[in-house]
There are 2 protein chains.
Amino acid sequence: MSIETDIKQSKFRNPHHKAALNLLFTANWLSNSQACLLKPYDLTPQQYNVLRILRGQYPNPIRVNDIIERMLDRMSNASRLVDKLLLKGLAQRTECLHDRRAVDVVISEAGLNLLAELDNLQDHWENKLQQLSSEEATLLSDLLDKLRSTSETSC
Amino acid sequence: MSIETDIKQSKFRNPHHKAALNLLFTANWLSNSQACLLKPYDLTPQQYNVLRILRGQYPNPIRVNDIIERMLDRMSNASRLVDKLLLKGLAQRTECLHDRRAVDVVISEAGLNLLAELDNLQDHWENKLQQLSSEEATLLSDLLDKLRSTSETSC
DNA sequence: TTACATTATATGTCAATACATTTAATAGAA
DNA sequence: TTCTATTAAATGTATTGACATATAATGTAA
């Protein structure tokens with residue numbers, strides 16, 4: 001369905017405005033569908049994102065600060081997200097040897113198992129994007145990269 | 001900057017997975033920059049979105065339910081967002097004549113003035129997307145429409 | 001008309017988030 | 001060394017959000 005129909009708006013200031021609204025709308029759509037899939041496993045999309053980052057480093061530990069740099073949403077509280085994962089036994093936390101301010105986080109066996117189980121769901125989620133060909137998906141990604149390539153800092 | 005650098009991940013399962021992560025990351029990036037611009041005016045992106053929907057109907061009223069259908073993020077609580085706008089004097093709420101369950105919401109003079117002031121900021125925000133040509137912006141929007149064109153319901 | 005289902009909105013609740021502040025460790029300059 | 005700045009992570013707090021439920025009006029079938 002076109003964005004015009006989805007948000008019941010027929011006119012946009014210009015193609016850029018339309019693209020911006022469509023981007024926000026589509027990201028919400030995708031994020032909500034992911035949240036819905038993860039709900040039965042008692043994981044939020046953010047927790048899932050952190051868990052996958054941990055798996056990406058496994059068996060090496062990663063520090064909280066490095067997790068933040070890899071997160072899709074930088075604004076969220078990585079420290080508390082890790083807390084949640086610890087509470088569920090999906091990760092382990094140990095003091096970093098060389099820097100006692102820092103903390104090493106590693107995904108646990110249970111975390112790896114849960115992710116393995118969720119990999120099938122992830123396929124299902126990615127299939128939502130199968131309306132696009134591989135070439136189109138690459139083109140979309142390139143356009144998004146270009147969109148962000150402003151020199152501006154802050155706001 | 002490419003998404004690889006931004007989230008420090010060099011490999012993706014496939015082009016679709018990469019596009020999905022890029023979409024979520026870019027939407028957060030855009031949304032955060034908008035929040036940052038709006039902050040001095042004590043408006044959240046969601047409140048701003050509702051205010052613009054109200055202006056789109058002005059001078060006609062719009063019902064809360066119709067606001068929800070136009071919102072970029074359907075999950076948020078439209079009723080409380082409208083509350084916030086009323087509290088700030090940016091909108092007015094009157095009982096709907098023909099259906100006493102419903103409520104008519106109209107943007108106020110103050111709301112219109114605030115939006116007029118913000119239109120310049122909005123230009124600035126849209127300029128973030130000026131890295132793309134008009135054709136590219138349209139292409140991006142079309143790809144997003146296509147991405148959402150799955151027949152699936154729910155998750 | 002009476003039931004009952006549906007619709008529109010509001011509210012209660014608890015978790016998640018944003019953002020500022022705190023605590024503690026490290027780095028570097030004087 | 002001492003002082004100060006910086007960095008890493010945790011915490012406090014107020015706001016926002018999701019989601020279930022409540023309230024009230026409307027529509028509809030018997």
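Hydrogens, waters and symmetry mates are skipped; everything else that's a heavy atom, side chains included, is used. Every chain is numbered from 1 and lettered A, B, ... according to where its sequence line falls, protein lines coming before strand lines.
Not counting sequence neighbours, the partners of Ser134(B) by the side-chain contact (heavy atoms from CB on, under 4.5 Å) test are Pro15(A), His16(A). Checked against side chain to side chain donor-acceptor pair (under 3.5 Å), Lys88(A) has the following partners two or more places apart in sequence or in another chain: Gln47(A). In this structure Asp123(B) satisfies the side chain to side chain donor-acceptor pair (under 3.5 Å) test together with Arg13(A), sequence neighbours excluded. Checked against side chain to side chain donor-acceptor pair (under 3.5 Å), Asp66(B) has no partners two or more places apart in sequence or in another chain. Residues passing the side chain to side chain donor-acceptor pair (under 3.5 Å) test with Arg100(A): none are found, sequence neighbours excluded.
Sorted by first and then second residue, the salt bridge (Lys or Arg N to Asp or Glu O under 4.0 Å) pairs with a member in residues 21-36 of chain A form an empty list; sequence neighbours excluded. Each salt bridge (Lys or Arg N to Asp or Glu O under 4.0 Å) pair with one or both residues in residues 16-30 of chain A, not counting sequence neighbours, appears once here: Glu4(A)-Lys18(A). Within the structure, the salt bridge (Lys or Arg N to Asp or Glu O under 4.0 Å) test picks out the following pairs touching residues 130-146 of chain A (sequence neighbours left out): Glu136(A)-Lys146(B), Asp145(A)-Arg148(A), Lys146(A)-Glu136(B). Sorted by first and then second residue, the salt bridge (Lys or Arg N to Asp or Glu O under 4.0 Å) pairs involving residues 107-120 of chain B (not counting sequence neighbours) are Arg55(B)-Asp119(B).
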(request) Scan nucleotides 1-11 of chain D nucleotide by nucleotide, 5' to 3', and note B when protein non-hydrogen atoms come under 4.0 Å of the base, S if they reach only the sugar-phosphate, - if neither. (result) ------BSSBB
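Between Lys84(B) and dT16(D) there is a side-chain N or O to OP1 or OP2 distance below 4.0 Å.
Pro45(B) and Leu38(B) make their closest contact through CA-CD1, 3.7 Å (heavy atoms, listed as atom of the first residue, atom of the second, distance).
With a cutoff of under 4.0 Å to any heavy atom of chain B, the contacted region of DNA chain C is bounded 5' to 3' by dT7(C) to dC19(C).
Contacts with DNA chain D (heavy atom under 4.0 Å) in residues 39-55 of chain A: Lys39(A), listed by number.
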